[in-house]
Amino acid sequence: MSPILDRLSTLGLSLPEAPKPVAAYVPAVLADRLLFVSGQLPFRDGALMATGRVPADVTIEAATSCARQCVLNGLAVAADALGDLDRVERVVRVGCFVACEPGFGDQPKVANGASELLQEIFGESGRHARAAVGSVALPLNAPIEVEFLFKIAG
Amino acid sequence: MSPILDRLSTLGLSLPEAPKPVAAYVPAVLADRLLFVSGQLPFRDGALMATGRVPADVTIEAATSCARQCVLNGLAVAADALGDLDRVERVVRVGCFVACEPGFGDQPKVANGASELLQEIFGESGRHARAAVGSVALPLNAPIEVEFLFKIAG
Amino acid sequence: MSPILDRLSTLGLSLPEAPKPVAAYVPAVLADRLLFVSGQLPFRDGALMATGRVPADVTIEAATSCARQCVLNGLAVAADALGDLDRVERVVRVGCFVACEPGFGDQPKVANGASELLQEIFGESGRHARAAVGSVALPLNAPIEVEFLFKIAG
């Protein structure tokens, strides 16, 4: 078994089917050794786990769970693109957009749902640079969107 | 004639003059084989095609046309930077910000204006990763801003 | 003395201590010759220089000063990651998020606080691609967040 799939299994997780893009783009592009994964929404079993803004419509806790799901979706996309998640040498950057109201400042807590899971899965190689910001509204009224940049072993 | 300029011509399009940055940055930077193009606004003939938020001030259809114009402007910038658009090997990533109101979820439709045109122009090489998100307000009150990452042939 | 530290000194500036990430990520990741620096907030002496939105809570002038501070913080992070800022060959891209109200269009003025300082410090090598956009709310209610991409000498 692959070390990363094994690790996911140990964490009680498994890769979902890679979500289809919701529009005219592709899930991921490999440019030399950098894999750019498109912004992922918190789809689970084909539906968004939540919609609306944090914290009025979606609690911080629920949004954090959504961020974890975005990671699973992003990894499913990466696995499809690479054939094998063990080719990921490093999680380089995560961009996290949180749909929220004016005055909300807990985007880092929400984004930690993604960041902590990446480190649980990849260990030291999962430690990444990050930008987490608020957004007035996201596609399909999702509460969060996360994009990923991975470095691939040469 | 260059294949890409030929393709633009077939589509009834031509490159505008590359827009000047609206502030203290440069239109594009080439780092090894990656060309980073600054966020483009929907300038046409020196003026923004529209201002305000989608959909209250700018319809989805009008914003989609703006997204197409951002592509033409971004390609004009890339052509200036590279000397020759045929050096573009792949459109890697598109970042699309749509000025909108809370609850708006059709950023993907608007961003498709950019994504579909890139594929019409570049074919398979135009298929890219994408992040499309909403923004409370954009420079000069533009309804859309699009940035581009291209991979250049080695 | 290093040319870049010398230049900072000439400008009457010095590097602060590199801010600690406010959550579960790392300040910077080097992928081959690209250094990705996490989104920086305008911390100075351990506290945010301002909070709230531009221009209602924070003037454009104050936000511009905040953008300059984000550069100093980002350079402190880069210096920690690289050991030596003189290894920076080029500032490639700056992503600037400005917390603002609907209808605000002066994100470029605010972001110039970052862009102009980078050019004062690095000269021609400091000229970068940029995306500057508005955000409904940023981490800890900061008025600005800036992320950086540097190319490192080979």
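To find a chain, count down the sequence lines: A is the first, B the second, and so on, and within it residues start at 1. Side chains included, hydrogens not; waters and symmetry mates left out as well; all remaining heavy atoms used.
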Exercise for the section: Would you indicate whether the side-chain heavy atoms of L5(B) and L15(B) approach each other to under 4.5 Å? Expected result: yes
Practice task
Could you check if a side-chain atom of V54(A) sits within less than 4.5 angstrom of a side-chain atom of D106(A), using non-hydrogen atoms only?
Solution key: no
Practice task
Nearest 0.5 Å please: distance from the CG atom of D80(B) over to the CG atom of L75(B).
Solution key: 11.5 Å
Exercise for the section: Would you indicate whether the side-chain heavy atoms of V88(A) and L35(A) approach each other to under 4.5 Å? Expected result: no
Handout entry: Neighbour count above 12 (heavy atom, 6.0 Å) for R44(B) CZ
Key = no
Exercise for the section: Pull out the residues in residues 95-104 of chain B that come under 4.5 Å of chain A, heavy atom to heavy atom, sorted by number. Expected result: F97(B), C100(B), E101(B), P102(B), G103(B), F104(B)
Practice task
Would you mind checking which part of D57(A) comes under 4.5 Å of any heavy atom in chain B, side chain (CB onward), backbone (N, CA, C, O), both or neither?
Solution key: neither
Sequence neighbours excluded and cut-off under 3.5 Å, please list the side-chain donor-acceptor pairs for residues 61-69 of chain A, or say none.
unit_1: T64(A); atom_1: OG1; unit_2: I60(A); atom_2: O; d: 2.6
unit_1: S65(A); atom_1: OG; unit_2: E61(A); atom_2: O; d: 3.4
unit_1: Q69(A); atom_1: NE2; unit_2: F43(A); atom_2: O; d: 3.1
unit_1: Q69(A); atom_1: NE2; unit_2: N73(A); atom_2: OD1; d: 3.4

Practice task
Please check if the side chain of S38(A) supplies one atom and the backbone of V26(A) the other of a donor-acceptor pair under 3.5 Å.
Solution key: yes
Problem - Neighbours of chain B found in residues 145-154 of chain A - heavy atoms under 4.5 Å - result: E145(A), E147(A)
Problem - Interatomic spacing from CD1 in I4(A) to CG in L8(A) - rounded to 0.5 Å - result: 7.0 Å
Problem - Residues in residues 108-144 of chain A near chain B [non-hydrogen atoms, under 4.5 Å] - result: S135(A), V136(A), A137(A), L138(A), P139(A), L140(A), N141(A)
